[in-house]
**Student:** 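Take a look at this one; I'll ask things after.
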Amino acid sequence: MSPATGSPASGSGTTAGDEPAAGDAGAPGGRTRAERYDHTAIERRWQQRWAAEGLYRTPDHDPQRPNRYHLTMFPYTSGDLHIGHWFAIAPSDALARFHRMRGSNVLFPIGFDAFGLPAENAAIKGGAHPADWTRANIERMRGQLRSMGAMFDWSREVATNAPDYYRWTQWWFLQLYKQGLAYRHEAPANWCPSCNTTLANEQVVDGRCERCETPVEQRRLAQWFLRITNYAEELLANEQLDWPEHVKVMQRNWIGRSEGAEAAFALDAGALAGGEAEGDAADEPSEIRVFTTRPDTLCGVTFMVLAPEHPLVERLTTEEQRAAVEAYVYDAESATEIERQATDRPKSGVFTGSSCVNRLTGERVPIWIADYVLASYGTGAVMGVPAHDQRDFEFAQQYGLPITVVVAPPEWDGEPLDAAHVEAGTMVCSGQFDGLPSEEAKGAIARHLGERDWGGPTVTYRLRDWLISRQRYWGAPIPIVYCDDCGEQPVPDAELPVKLPYDVEFLPTGQSPLALSEEFVNTTCPACGGAARRETDTMDTFMCSSWYFMRYCDPQDAEHALSPQLAESWLPVDQYTGGSEHATMHLLYARFFYKAARDAGIVPGDEPFTRYFSQGQILGPDGRRMSKSRGNAVAPDAQVERWGADAFRAYLMFLGPWEQGGPYDVDGIVGVARWLNRAWTVATEPPALVDGGDAEQARALRQQAHQTLARVTHDLERLRFNTMVAALMEYTNALWRARESGAQDRAAWDEALSLLALMLAPACPHLAEELWQRAGRAGFVHGQPWPEADADLVRRDTVELPVQVNGRVRERLEVPADADEAAVRAAALASERVRAHIEGHEIVRAIYVPGRMLNLVVK
RNA sequence: GCCGAAGUGGCGGAACGGCAGACGCGGCGGUCUCAAAAACCGCUGGGCUUCACGGCCCGUGUGGGUUCGAAUCCCACCUUCGGCACCA
């Protein structure tokens with residue numbers, strides 16, 4: 001087995017005979033016949049050599065190097081790799097390489113997110129089976145990924161559709177089930193009529209399906225949910241994570257914590273109209289609970305509103321109102337989410353005929369239903385306080401309901417309001433709470449409710465439990481069996497995986513395709529051995545991607561999803577990179593998964609991704625999202641073929657700050673290509689070299705090299721790839737000029753070229769390797785330690801110091817970097833140009849920042 | 001409506017409160033060539049001025065402010081992009 005980290009001895013610089021003659025480029029003073037920079041041959045050669053020598057195989061432990069886990073989001077198997085993949089992966093690879101050279105045993109794995117709708121949709125269009133389509137795509141994408149020259153450890157590749165992967169996805173589901181975090185529940189669910197499946201809340205964007213933009217409807221179905229809400233508070237506490245602030249804010253907004261109170265409104269005993277049909281009085285509710293962030297307004301309640309889907313609606317509806325209520329409920333349920341959520345239409349609702357009692361005041365208020373109340377938030381019921389909530393105000397106006405002010409606006413004269421007063425004020429008409437500032441009354445009333453068991457202070461989240469059931473074929477089957485006698489039963493671990501059958505009519509019909517397969521459905525009960533039926537829904541693919549980074553640590557383990565030892569040695573991920581479009585989906589789900597795994601004692605720490613960086617989005621040359629239909633897509637393969645992977649990688653890094661993204665200018669890459677050609681020429685056609693050359697010139701060259709090294713190192717540390725490339729370009733230009741200026745000191749020149757290859761290694765791994773090898777150095781450049789910049793050389797001895805008069809630059813002086821103020825001031829006053837501006841004025845002040853500038857203030 | 005990020009040459013962008021425009025694209029002029037491409041060399045924010053070297057003024061979305069000094073910090077506004085939104 002080859003050494004995993006490419007120790008210097010393992011791959012010697014001598015090359016096999018399959019390479020073009022390196023020429024005698026290194027010959028003293030030799031300007032030999034020019035050899036072109038042949039990126040195609042170079043890249044192919046080194047990719048083969050690295051693979052053959054196992055350079056990037058990462059051992060689980062290395063006695064010399066600490067483990068470090070770098071991860072880039074794995075691609076979906078949608079077909080060809082697009083430029084966005086390159087933009088996401090190339091800088092990540094550069095970063096991983098940098099940390100590897102800095103001495104870590106870096107794990108940088110890759111795999112495929114392979115289950116999900118696109119495979120089925122493509123299959124429906126093209127006729128190929130999703131499994132075959134996916135396999136073909138993986139094969140093609142593997143080749144494209146290899147063309148990047150990234151340091152992936154391919155021995156750890158995972159694909160989420162492989163039975164030995166989804167076996168463990170199913171195991172995770174059962175693990176969560178055992179932890180009480182997975183449950184089946186019948187409720188109205190988001191339904192995409194085009195994809196023919198339910199969707200998680202996170203997958204509904206502006207009332208439309210995240211994938212196909214079809215307006216989402218509600219359907220009442222029994223579905224599997226994961227209790228992500230159990231972790232709402234912990235997921236909210238993300239301040240300490242080293243993540244982009246905007247992503248943390250998005251997650252916090254998504255979780256949406258609201259502090260307030262729950263209040264129970266009393267129902268009359270036997271008041272429920274539908275009660276007799278449902279049977280015993282024991283389960284007859286005696287109250288309606290509401291959630292409010294404004295307990296201070298409780299005495300201003302003049303009506304109660306339930307969501308049309310509220311479970312009590314039917315029983316609260318009186319005979320006289322039944323027709324109207326049923327018509328309203330029907331309309332509300334058949335409306336799309338977009339229609340339901342439109343805020344600009346007038347409020348509507350229907351009276352149920354029943355009433356309830358506000359226990360705080362003893363007042364009786366009518367119970368209405370209205371579609372502005374959401375069944376899925378809070379308790380699905382709200383107290384109507386028209387004086388202090390604009391929605392309730394509009395509703396009260398619409399239906400002539402009373403408006404009672406209980407929080408008096410400052411200077412209020414008792415006149416009726418023309419809009420809700422939602423700000424703070426002084427309590428009125430609220431009995432014992434009168435006179436209190438409303439902010440204080442909030443807590444006082446909430447506590448009052450708690451003391452009497454009428455509710456009390458509480459916290460509500462916008463976050464809903466994660467709906468993971470999908471009525472589609474191409475996913476991991478949910479490992480549950482239903483038995484008439486024993487009910488819902490988990491499939492025993494030993495029977496996993498529950499295999500997804502190949503031979504199934506997978507066209508989506510709204511019914512789960514697996515339900516059509518007798519062979520799949522019919523099974524025996526794990527508890528009693530009797531006949532039973534399998535769950536036929538599959539899991540949301542976000543389940544598969546919530547733990548893939550764990551599997552990379554232990555990809556072949558047949559006994560565990562991952563072993564505790566390997567979890568301990570690799571997790572959590574040190575550096576994660578990927579797009580922030582996953583802020584409230586994958587990144588939130590993965591955090592939830594990790595916390596559940598932690599509670600099960602499987603993984604260390606509390607968070608899966610210690611540090612996360614989100615790159616921006618790469619756009620088409622026209623500044624719009626790239627897409628084939630727009631005709632503005634740039635194919636990476638063509639760029640690689642024409643310019644080489646190294647040039648393409650470097651150009652993607654050079655475009656701008658990585659977190660920003662931006663348009664891809666197809667013409668701009670020539671600048672990078674020119675740069676690499678120059679680097680090639682500088683390295684392969686050196687100037688005349690002499691031992692003991694001009695000392696001053698040699699020092700200047702070494703200074704250039706070490707100053708660049710300091711910049712490049714700093715830029716890599718802060719993920720500023722664009723300025724790293726710019727620094728390398730400047731350095732190459734400096735070497736170019738040095739080469740033109742005549743003979744160079746041999747030692748200085750060799751060091752300068754060696755540093756060039758080392759500094760190129762993260763961004764342009766193939767060219768760096770080629771130059772390293774041509775310089776006759778041992779081992780792979782990627783096995784070398786990252787060089788240390790010499791502080792003495794980085795420091796500048798003299799600086800060009802601007803001299804300002806009243807803040808305007810009038811002169812530039814070449815002075816020693818550590819010159820004292822008196823010396824600089826004297827030099828400044830000796831300057832003709834400075835004198836011209838201070839003549840006839842008095843110098844009242846001077847500000848000197850050593851090494852930066854001198855400012856003379858005159859009057 | 002609420003929250004967040006960003007506005008700098010023709011373009012992408014650089015710039016610990018201290019020389020605005022690094023680096024690159026494009027453009028202009030030149031070398032090489034029969035020619036073109038490639039490559040290389042020089043110039044390239046605007047205005048005024050000088051035979052010239054040079055000098056002066058303006059300039060980082062707009063308007064104010066803090067400071068010896070502001071692209072950078074503060075306030076208000078405008079625009080663009082992203083997120084959330086009948087969430088009680």
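Every heavy atom of this structure was used, including side-chain atoms; hydrogens, water molecules and symmetry mates were not. Throughout, protein chains are lettered first and strands after them, A, B, ... in sequence-line order, and every chain is numbered starting at 1. For clarity, every value in this text was computed on a predicted model and none was experimentally measured.
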**Student:** Mind checking if A:Glu800 touches a base, just sugar-phosphate, or nothing, with heavy atoms under 4.0 Å?
**Tutor:** base

**Student:** Is the shortest side-chain N/O distance from A:Arg678 to OP1 or OP2 of B:C40 below 4.0 Å?
**Tutor:** yes

**Student:** Considering only the C1' atoms, how many Å lie between B:U50 and B:C56, rounded to the nearest integer?
**Tutor:** 11 Å

**Student:** Hey, is A:Glu213 close enough to A:Arg208 for a salt bridge, meaning N to O under 4.0 Å?
**Tutor:** no

**Student:** Using a cut-off of 4.0 Å on non-hydrogen atoms, how would the nucleic acid contact of A:Val844 be classed: base, sugar-phosphate, or nothing?
**Tutor:** nothing

**Student:** Nearest whole angstrom, please: distance from the C1' of B:G13 to the CZ of A:Phe721.
**Tutor:** 17 Å

**Student:** Checking only heavy atoms, does the side chain of A:Arg845 share a donor-acceptor pair with the base of B:C68 at less than 3.5 Å?
**Tutor:** no

**Student:** Can the ring centres of A:Tyr664 and A:Tyr651 be said to be less than 6.0 Å apart?
**Tutor:** yes

**Student:** Examine distances only and state if a side-chain atom of A:Thr293 and a backbone atom of A:Gly260 form a donor-acceptor pair shorter than 3.5 Å.
**Tutor:** no

**Student:** What is the distance, rounded to the nearest whole Å, between atom CG of A:Asp206 and atom C1' of B:C86?
**Tutor:** 15 Å

**Student:** Work out how far the C1' atom of B:C81 is from that of B:C68, and round it to whole angstrom.
**Tutor:** 38 Å

**Student:** Classify the side chain of A:Gln804 and the base of B:G18 as holding, or not holding, a donor-acceptor pair under 3.5 Å.
**Tutor:** yes

**Student:** Check whether more than 12 heavy atoms from other residues, nucleotides or ligands sit under 6.0 Å from atom CZ of A:Arg796, and answer yes or no.
**Tutor:** no

**Student:** Is the number of heavy atoms from other residues, nucleotides or ligands under 6.0 Å of A:Asp820 CG greater than 12?
**Tutor:** yes

**Student:** Taking only side-chain N and O atoms of A:Arg720, does any of them lie within less than 4.0 angstrom of OP1 or OP2 on B:A15?
**Tutor:** yes

**Student:** How many whole angstroms separate atom CZ of A:Arg252 from atom C1' of B:G4?
**Tutor:** 11 Å

**Student:** Determine the Euclidean distance between corresponding P atoms of B:A71 and B:G18; express it in Å to zero decimal places.
**Tutor:** 10 Å

**Student:** Of the nucleotides B:C68, B:C19, B:A88, which has the atom closest to the A:Leu374 side chain?
**Tutor:** B:A88

**Student:** Between B:C41 and A:Trp736, is there an OP1 or OP2 to side-chain N/O distance shorter than 4.0 Å?
**Tutor:** yes

**Student:** I need the NZ-P distance between A:Lys442 and B:A88, as an integer number of Å.
**Tutor:** 11 Å

**Student:** Between the main-chain N or O of A:Val844 and the side-chain N or O of A:His841, is there a donor-acceptor pair closer than 3.5 Å?
**Tutor:** no

**Student:** I want to verify the glycosidic state of B:G64; is it syn or anti under the 90° rule?
**Tutor:** anti

**Student:** Would A:Lys347 and A:Phe395 count as a cation-pi pair here, with the cationic atom under 6.0 angstrom from the ring centre and within 45° of the axis?
**Tutor:** no

**Student:** Using the C1' atoms only, state how far B:G69 lies from B:G17, rounded to an integer number of Å.
**Tutor:** 8 Å

**Student:** Toss me the dot-bracket line for RNA chain B: Watson-Crick and G-U wobble, both under 3.5 Å, 5' to 3', using | for pairs to another strand and [ ] for crossers.
**Tutor:** (((((((..(((.....[....)))((((((.......))))))(((((....)))))..(((((..]....))))))))))))....

**Student:** Does OP1 or OP2 of B:C58 have a side-chain N or O of A:Arg808 closer than 4.0 Å?
**Tutor:** yes

**Student:** Quick check on RNA chain B: between A:Val249 and A:Pro657, whose nearest nucleotide comes earlier from the 5' end?
**Tutor:** A:Val249

**Student:** Please give, in whole Å, the distance from B:G69 C1' to A:Arg810 CZ?
**Tutor:** 13 Å

**Student:** Rounded to the nearest Å, what distance is computed from the CE atom of residue A:Met250 to the C1' atom of nucleotide B:A85?
**Tutor:** 15 Å

**Student:** If a protein heavy atom is under 4.0 Å from the base, mark B; if only from the sugar-phosphate, S; if neither, -; do that for nucleotides 22-29 of chain B going 5' to 3'.
**Tutor:** BBSSS---

**Student:** At under 4.0 Å, does any side-chain N or O of A:His837 touch on OP1 or OP2 of B:G55?
**Tutor:** no

**Student:** Among B:A85, B:C57, B:G54, which is the nearest nucleotide to the side chain of A:Arg833?
**Tutor:** B:G54

**Student:** Between B:C2 and B:A85, how far apart are the two C1' atoms, rounded to whole Å?
**Tutor:** 8 Å

**Student:** In terms of the nearest nucleotide of RNA chain B, which residue is placed more toward the 5' end: A:Val204 or A:Gly378?
**Tutor:** A:Val204

**Student:** When rounded to the nearest Å, what value does the distance between C1' atoms of B:A38 and B:C19 take?
**Tutor:** 37 Å

**Student:** On a plain distance test, is the side chain of A:Asn855 in donor-acceptor contact with the base of B:C68 below 3.5 Å?
**Tutor:** yes

**Student:** Using the side-chain heavy atoms of A:Asn253, tell me which of these nucleotides is nearest: B:C86, B:G18, B:C3.
**Tutor:** B:C3

**Student:** Just how far, in rounded Å, is C1' of B:C56 from CG of A:Asn806?
**Tutor:** 16 Å

**Student:** Would you mind classifying the nucleic acid contact of A:Arg464 as base, sugar-phosphate or nothing, using non-hydrogen atoms under 4.0 angstrom?
**Tutor:** base

**Student:** Whole-Å distance between B:C86 C1' and A:Leu306 CG?
**Tutor:** 16 Å

**Student:** Within 45 degrees of the ring normal and closer than 6.0 Å to the centroid, is that where the cationic atom of A:Arg678 sits relative to A:Trp675?
**Tutor:** no

**Student:** A cation-pi test, strictly: NZ or CZ of A:Arg720 under 6.0 Å from the centre of the six-membered ring of A:Trp658 and no more than 45 degrees from its axis. Yes or no?
**Tutor:** no

**Student:** Under 3.5 Å, side chain of A:Asn238 to main-chain N/O of A:Lys248, donor-acceptor pair present?
**Tutor:** yes

**Student:** Salt bridge check, A:Arg711 against A:Glu730: does any charged N sit closer than 4.0 Å to a carboxylate O?
**Tutor:** yes

**Student:** Rounding to the closest angstrom, what is the interatomic distance between B:G10 and B:C78 at atom P?
**Tutor:** 26 Å

**Student:** Base, sugar-phosphate or nothing for A:Pro663? Non-hydrogen atoms, less than 4.0 Å.
**Tutor:** nothing

**Student:** For the C1' atoms, the ones on B:U33 and on B:A39, what distance do you get once it is rounded to whole angstrom?
**Tutor:** 12 Å

**Student:** Taking the six-membered ring for Trp, are the ring centroids of A:Trp368 and A:Tyr399 within less than 6.0 Å of each other?
**Tutor:** yes

